[in-house]
Amino acid sequence: MFKRTHTCGQLTAGHVGQTVTLNGWVNAYRGHGHGLVFVDLRDREGVTQVVFEQGGTPDAVVEAGGKLRNEDCVAVRGVVRQREKANPKIHTGAIEVVVESMEVLSKTARLPFVPSDETNLPDEETRLKFRYLDLRRPRMQEIMRTRHRVAKITRDYFDAHGFLEVETPMLCRSTPEGARDFLVPSRLQEGMWYALPQSPQLFKQILMIAGADRYLQIVKCFRDEDPRFDRQAEFTQIDLEMAFADRETVLKTMEGFAKTLWKDVLGVTLPDFPRMTYREAMDRFGIDRPDTRYGLELVDISDMAAQTEFGVFTGALEKPRGVVKAIRIPGAAEKLTRKVLDGYSAFVQQFGAGGVPFARFVNGAFEGGVAKFLGPIADTLVERLDLTDGDVVVFGADAYGVCTKALGELRQKVAKDLGMIPEGAWNFLWVYDFPMFEHDAETGRYYSLHHPFTAPTAAETERFLAADPADIDTVESIVSDGYDMICNGSEIGGGSIRIHRQEVQKKVFSLLGLTEEQAKTKFSFLLEALSYGAPPHGGIAFGLDRLVMHMTGTENIREVIAFPKTMTGQDLMCEAPNVVDEDQLKELHVRSTADTAVTAS
RNA sequence: GGGGCGGUAGCUCAAUUGGUUAGAGUCCCGGACUGUCGAUCCGGUGGUUGCGGGUUCGAGUCCCGUCCGCCUCGCCA
């Protein structure tokens, strides 16, 4: 009988003398001839050494033990014994189990790789193909456990704060704006399509109107866009919404949640989160999710740059919204060689900048790079950047958007390259006061910076309702009641106070270029719902995958997802996506236009 | 859609400037071994160098195409 009495992680000196049964996989084996075999048995909870030895173990069992190989799945029964020499590396190292009987539950075939061999870990492709073997590794088990704990603490925390978990549909209608939808053809409604949710945004707002008051859901979302190291087409949100709540209430509740998570999972006590406006974040850090673990802030020197004869500076200032900004890189004069700085120029070029003008500050004077142009402003530049000997200054000179983006990205690269990011630091902050809209010159229309259901701040509402769409400056100056939670330069959550007045929502739709007719067609249910006594409400959504990435120190999102997809959207284990039968397509009223054969039959 | 890096034994890697029979560790198989814990020692199996084409007397190595993986720009309200 193989039924276990203990896990492989729990036996200690206190169990000596007990007869126990363990189930698990062979993590390693060490044979010493026919009379003595050691096997390390592993399950989710740990590793225990079991011994097959002549005298204590029947001869036939010793022989069977000698045939065990890595990853065989077995049950062993035996007596716990104190070891002569303890193994301090494992929790159960004080004891071993002398095997009396064994059942091989399942013999392994030749392994594509050995999960316990951490030094010869295969490439990710192989790990994904044999994910069930990869997930057996203690590191992956630890990540899965952390993810479970995050989900559990999330439910506990919000339950305690009066939130109700409600499920929303996976088969939704496609809505304009936002990411590309995954579509599902309808069999019953010929020619019609469902979309998988990009987020349950509208449903949770409707739940507020429906009186749910406080809503929580840990939910899969789908966005058919290209993946990144921290982005997957299919991902999980912790989705939240609160009725009768202002921004302060939402931020306090969510900040408390983050603090609870970090305390309970990592034992880290987080201080109150600083807050920063979008404008300040862009000005000082060149990005809307600043990493405040290090300096390297952007400093505007446009006024000084105008006094130089440097064409790159003066040319930039002639552009609309042209600026010149500088970053002081302390003590980097020797590290940042010409070659490295040339690399930085190439780096910023992908963001539309021309290059990275630079100068070193050595022996009280600028040298190298564009030093010769800095003469007229040398003293004031030293003062404004607070330069000391051995510093390097890099510049950005362009329209505000390009300059800010380039230096913001460069700032992060420099910090990484020079090892300026402190280990173990947790810098959280809120970014708020985002613009409602951005005007795109190419398409000649406005886009929501967050999403079209984000309310303007209370102070802005009347100005917003009165805004003339033709007055781009005014429209772009309207501030929304949105907020992002940032952790170490990564956006882990974002939300807003929502529009709960129908006329405000209609105004947003009209600014986005939706005619009244289109707005009615696509969002009639929302507009209608807003007309029946909608409460003020707001919420947020956290990226569960990213939270777990931070908490486990993993470098890509696939590590924290049990069965993730590759950069080309494939599941290498089950080989999805894949072809289907012609009959299935027919039933769904769908015909493929792909060039290559795409059906199974 | 654009750019970059990578693909050699089941796995991790090596292979001089383009040069003889593509090597090592590990896994696996066989043998030895009674206190190991990365056990040790001896022997063995194992290769369409991702795939297709080209250049060359000769290609793992150079060129073109293609597939796959990762990273990145665009994209991601």
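Chain identifiers are assigned alphabetically (A, B, ...) following the order of the sequence lines, protein sequences preceding nucleic acid strands; residue numbering begins at 1 within each chain.
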For the [atom1] atoms, the ones on [N] and on [M], what distance do you get once it is rounded to whole angstrom?
N	M	atom1	value
B:rG69	B:rC42	C1'	39 Å
B:rC63	B:rC70	C1'	25 Å
B:rG46	B:rG25	C1'	14 Å
B:rG19	B:rG31	C1'	40 Å
B:rG47	B:rG10	P	7 Å
B:rG7	B:rC13	P	10 Å
B:rC71	B:rG18	C1'	31 Å
B:rC28	B:rC73	P	42 Å

Answer yes or no: does a side-chain N or O of [X] lie under 4.0 Å from OP1 or OP2 of [N]?
X	N	value
A:Gln349	B:rG3	no
A:Arg228	B:rC73	yes
A:Arg558	B:rC71	yes
A:Arg30	B:rU36	no
A:Lys89	B:rC37	no
A:Asn120	B:rC13	no
A:Thr568	B:rC68	no

Could you check whether A:His6 and A:His15 have their ring centres less than 6.0 Å apart?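 Yes, the ring of A:His15 comes within the 6.0 Å limit of the ring of A:His6, centre to centre.
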
Taking the ring centre of each residue, are A:Phe38 and A:His32 less than 6.0 Å apart?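 Yes, the ring centres sit under 6.0 Å apart.
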
Quickly work out the [X] [atom1] to [N] [atom2] distance and round it to whole Å.
X	N	atom1	atom2	answer
A:Phe351	B:rU72	CZ	C1'	8 Å
A:Asp545	B:rC76	CG	C1'	15 Å
A:Asp440	B:rG74	CG	P	14 Å
A:Lys565	B:rG69	NZ	C1'	16 Å
A:Tyr29	B:rG35	OH	P	19 Å
A:Lys107	B:rC28	NZ	C1'	11 Å
A:Leu128	B:rG69	CG	P	9 Å

Classify A:Pro122 by what it touches in the nucleic acid, base, sugar-phosphate, or nothing, heavy-atom distance under 4.0 Å.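 Sugar-phosphate, no base atom in range.
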
Mind checking if A:Asp224 touches a base, just sugar-phosphate, or nothing, with heavy atoms under 4.0 Å?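 A:Asp224: no heavy atom of the nucleic acid under 4.0 Å.
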
Geometric cation-pi criterion, A:Lys413 with A:Tyr344: 6.0 Å, 45°: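 The answer is no, since A:Lys413 fails at least one limit relative to A:Tyr344.
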
Quiz item: cation-pi between A:Arg180 and A:Phe182, 6.0 Å / 45°: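 Geometry flag: not set, cation outside 6.0 Å or 45°.
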
Go through [options] for me and flag the one nearest to the [X] side chain.
X	options	answer
A:Asn70	B:rU36, B:rU72, B:rC27	B:rC27
A:Glu125	B:rC28, B:rC70, B:rC68	B:rC68
A:Glu96	B:rU36, B:rC76, B:rC68	B:rU36
A:Val114	B:rG69, B:rC27, B:rC11	B:rC27

Quick one: the side chain of [X] and the base of [N], do they pair up donor-acceptor inside 3.5 Å?
X	N	answer
A:Asp226	B:rG74	yes
A:Arg81	B:rG35	yes
A:Arg231	B:rC75	yes
A:Arg83	B:rC37	yes
A:Gln350	B:rU72	no
A:Arg110	B:rC27	yes

Take the angle between the ring planes of A:Phe453 and A:Phe509 and call it parallel below 30°, perpendicular above 60°, tilted in between.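 Perpendicular, since the angle between the ring planes exceeds 60°.
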
Aromatic plane relationship, A:Phe130 with A:Tyr132 - under 30° parallel, 30 to 60° tilted, over 60° perpendicular: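 The arrangement is perpendicular - the two ring planes meet at more than 60°.
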
Does a side chain donor of either A:Gln49 or A:Arg30 reach within less than 3.5 Å of an acceptor in the other side chain?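 Their side chains do contain a donor-acceptor pair, which is all the 3.5 Å distance test asks for.
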
Under the criteria of a ring-centre distance below 5.5 Å and an interplanar angle below 30°, is A:His32 stacked with the base of B:rA39?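 Yes, aromatic ring over the base.
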
Is the aromatic ring of A:Phe113 within stacking range of B:rC11, meaning centres under 5.5 angstrom and planes under 30 degrees?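 So no, this residue does not stack on that base, at least one cut-off failing.
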
Nearest-nucleotide comparison on RNA chain B, the residue closer to the 5′ end among A:Ser199 and A:Asp230: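 Going by which nucleotide is closer to the 5' end, it is A:Asp230.
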
